[in-house]
Chemist: 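My questions all concern the structure below.
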Number of protein chains: 2
Amino acid sequence: MAIEQVLHMNGGMEDTSYARNSILQRKVISKTKPISEEAITNLYCNILPTTLTIADLGCSSGPNTLFAVSELIKVVQKLCQRLGHQGPEYQVFLNDLPGNDFNSIFKSLSGFQEELNKQVETRIGPCFFNGIPGSFYGRLFPSNSLHFVHSSSSLMWLSQVPEGLEGNKWNIYMASTSPPSVINAYQDQFQKDFSLFLKCRSEEMIAGGRMTLTFEGRKSEDPRSKECCYIWELLAMALKEMILEGMMEEEKLDSFNIPQYTPSPLEVKTQVEKEGSFDIDRLEVSEVNWNAYTDELNLTDAFKDFGYSVAKSMRVVTEPLLVNHFGEAIIDEIFSRYKVIVADHMEEEKSQFVNVVVSLTKRRTAVDLD
Amino acid sequence: MAIEQVLHMNGGMEDTSYARNSILQRKVISKTKPISEEAITNLYCNILPTTLTIADLGCSSGPNTLFAVSELIKVVQKLCQRLGHQGPEYQVFLNDLPGNDFNSIFKSLSGFQEELNKQVETRIGPCFFNGIPGSFYGRLFPSNSLHFVHSSSSLMWLSQVPEGLEGNKWNIYMASTSPPSVINAYQDQFQKDFSLFLKCRSEEMIAGGRMTLTFEGRKSEDPRSKECCYIWELLAMALKEMILEGMMEEEKLDSFNIPQYTPSPLEVKTQVEKEGSFDIDRLEVSEVNWNAYTDELNLTDAFKDFGYSVAKSMRVVTEPLLVNHFGEAIIDEIFSRYKVIVADHMEEEKSQFVNVVVSLTKRRTAVDLD
């Protein structure tokens, strides 16, 4: 399957759009903000660029798209004010796969810039926004052209469903019952993909450039760990129910696997060191409740229905993949069952998504040091 | 009226989409190709960039979007082959107003790149495509970042409907019956807009950078000249008919004016010299038949209906403006009448659109010469 042609967050502004169901991903950005802030501060002070180029990889389409970038710009503006500098020009590259709804992003930009100007005391230098369609597992930018790269809740998506998953019967991801061959296939794909990602970015970034990446991941070294796999096992349960009730062929389930990998901090560290272009400044783990709304005040009744909101937050990121494989007709049924299964589980135990955050600096090579 | 929010070519792939009715604009690009080729050849040989940055301003969405850029890349690749150079990396910026259908462009890119690779004998260096939403009457790119700018059939669109057109009764553009105040208002707006365009580009382009611009224009020094205004007078006739038949209020027509200006070569030259950042390498005029299909072989019956195809080629560029002012409901009626009026006119005389082409080089300033 060509993931590039299929994978995208649900577009538009409907009830099941990513734009309206991405508070979880926003929380992840908020939690890792101090790390990004530290990175861009160091970058700015070391390089003092007249044009600061920032790329957000896997920007999606919705309120989160410009959230991380706006926080970065605000940090630089405050810094410039303190240092008595005129702010730089900003060139912002918003990247996602070609199926992403860039039209919506582009229409929102003028409102965004007005809002940003209101929030910052100083006059912000000109911001030039670019949409960059394409997979970040390939080159997206000219050599030596980027100062800062940010990517949040995107890099756990693999470039393809790993090959060799035939043994993964009744599962859709690595699960407690997956044979070792399946785990190896997933691990291999992650290592290949992440290593390629690092290589591409190392070519695109200037020496001393900074990059902060956030993955959905796990703390455990076991790839089958419940903390990262169980949410998919619950989705597989919904699909199994439908097979047992004759609504779907077993073969359909066996041939479907989610193209994700949720690495541990050690796995991230190992790949970065192996690839060799970047130094690790920070490597941390944070957690967010499955139901991101749990911490919010003024919950509406819909949000209080935890199963409903978790199922929906999973739906908006997986629907295009599921529709592609299972067809449009049974999607509502799948998620209506999933909602109930998730709610039952959440009553039994508190579940959290684990996020691995890594902050990197592009090494100077012998050529740069000349 | 905020033109930026309204003006765009008809999106999608329907019968009345710009994508399916833009052969006229393609002919203009083809006719001016030798001028663009000369410009990019000189640029490449003088600068030998490792990354060649090309911007297409007013790229629209359809088969023309990547046409000009692909021709430019092919020229550079052939040149590199002849010179024994490895080709540069290409960074291509596709710009249009935020209402343009960028999603369609982005989805077509992978097919386009395959096609381009087939057409060129040598291996093309990596091409990085960017979508840039925004008005070219403002800054779109960082300072000193562009090598080559191309814009075709876009710059006759003004940034706004000129102020002071109250006297333009029963007309929708400059017409034989327009009072001098209307002509002055249009001229002022063009001078302001084009001068601002040149200023913005001069900030964005490197010294020695090249720019080729094609406007719909006129040969005559009279802004009311039939060669540029008559096609709009015919559209006004259709609207007048509908008023006389009680289908529309006269006030509606009087308050509508097309935000275009079709300059003469001398007017273009005067503004370039006045602004002062660019030297003129070439300034030429070319002509294309109203019905671009006239020269094509294998005409289908629909294309043989000249009134139909001219009316449609006008519809795809003006529909959003007309819908915004007159409402959706009467659009079909307007163009059904327009078609008949255009066909009658074309039987009487052969009509051509005039295109003014100018090829410019960004001057080196005292700073650049240091």
Side-chain angles (χ1 to χ4, degrees), chain A residues 2 4-6 8 11-12 49-55 59 61 86-113 125-136 138-147 200 203-204 206, chain B residues 2 4-6 8 11-12 49-55 59 61 86-113 125-136 138-147 200 203-204 206:
Chain A
E4 272 189 60
Q5 305 303 320
V6 180
H8 58 84
T50 50
T51 300
L52 178 57
T53 51
I54 301 174
C59 64
S61 161
Q86 199 194 359
E89 294 182 351
Y90 298 91
Q91 191 171 30
V92 176
F93 297 100
L94 301 170
N95 155 262
D96 212 314
L97 290 173
N100 187 50
D101 189 357
F102 283 96
N103 284 352
S104 295
I105 301 177
F106 288 175
K107 283 175 194 154
S108 74
L109 282 174
S110 74
F112 165 77
Q113 288 201 268
C127 298
F128 307 113
F129 289 91
N130 299 242
I132 317 286
S135 165
F136 48 52
R139 285 284 302 273
L140 295 166
F141 305 95
S143 304
N144 294 308
S145 64
L146 293 181
H147 292 114
C200 292
E203 290 169 6
E204 294 162 354
I206 60 154
Chain B
E4 272 189 60
Q5 305 303 320
V6 180
H8 58 84
T50 50
T51 300
L52 178 57
T53 51
I54 301 174
C59 64
S61 161
Q86 200 194 358
E89 294 182 350
Y90 298 91
Q91 191 171 31
V92 176
F93 297 100
L94 302 170
N95 155 262
D96 212 314
L97 290 173
N100 187 50
D101 189 357
F102 283 96
N103 284 352
S104 295
I105 301 177
F106 288 175
K107 282 175 194 155
S108 74
L109 282 174
S110 74
F112 166 77
Q113 287 200 268
C127 299
F128 307 113
F129 289 91
N130 299 242
I132 317 287
S135 165
F136 48 52
R139 284 285 302 273
L140 295 165
F141 305 96
S143 304
N144 294 308
S145 64
L146 293 180
H147 292 114
C200 291
E203 291 168 6
E204 293 162 354
I206 60 154

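Letters A, B, ... mirror the listed sequences (proteins, then strands); counts begin at 1. Here the structure is a predicted model, which means the values were calculated and not measured.
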Chemist: List the residues meeting ring-ring contact (aromatic ring centres under 6.0 Å, His included) with Phe112(B), not counting sequence neighbours, and say none if there are none.
Modeler: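 ring-ring contact (aromatic ring centres under 6.0 Å, His included) check on Phe112(B) returns Phe129(B).
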Chemist: Under a 4.5 Å cutoff for heavy-atom pairs, which residue among Asn103(A), Thr51(A), Asn130(A), Leu94(A) has the most contacts with chain B?
Modeler: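 The answer is Asn103(A).
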Chemist: Give, as side chain, backbone, both or neither, the part of Pro142(B) having an atom under 4.5 angstrom from any heavy atom of chain A.
Modeler: both
Chemist: Which region of Thr53(B), side chain (C-beta onward) or backbone (N, CA, C, O), has a non-hydrogen atom less than 4.5 Å from a non-hydrogen atom of chain A, or is it both or neither?
Modeler: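 Neither part, no heavy atoms under 4.5 Å.
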Chemist: Using every non-hydrogen atom in the two residues, find where Glu89(A) and Ser143(B) come nearest and quote the distance to one decimal.
Modeler: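 Heavy atoms only, the tightest pair is OE2-OG, 2.5 Å.
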Chemist: Does any backbone or side-chain atom of Phe93(B) lie under 4.5 Å from a heavy atom of chain A? Answer side chain, backbone, both or neither.
Modeler: side chain
Chemist: Kindly give the heavy-atom pair with the smallest separation between Phe106(A) and Pro98(B), and that separation in Å.
Modeler: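 Distance-wise, the nearest heavy atoms are O-CB, 3.9 Å.
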Chemist: Hey, what do you get for NZ (Lys107(A)) to CG (Leu97(B)), rounding to the nearest 0.5 Å?
Modeler: 11.5 Å
Chemist: Side chain from CB out, backbone as N, CA, C, O: work out which of these in Thr50(A) comes under 4.5 Å of a heavy atom of chain B, or both, or neither.
Modeler: neither
Chemist: Side chain, backbone, both or neither: which part of Leu140(A) has an atom under 4.5 Å from a heavy atom of chain B?
Modeler: backbone
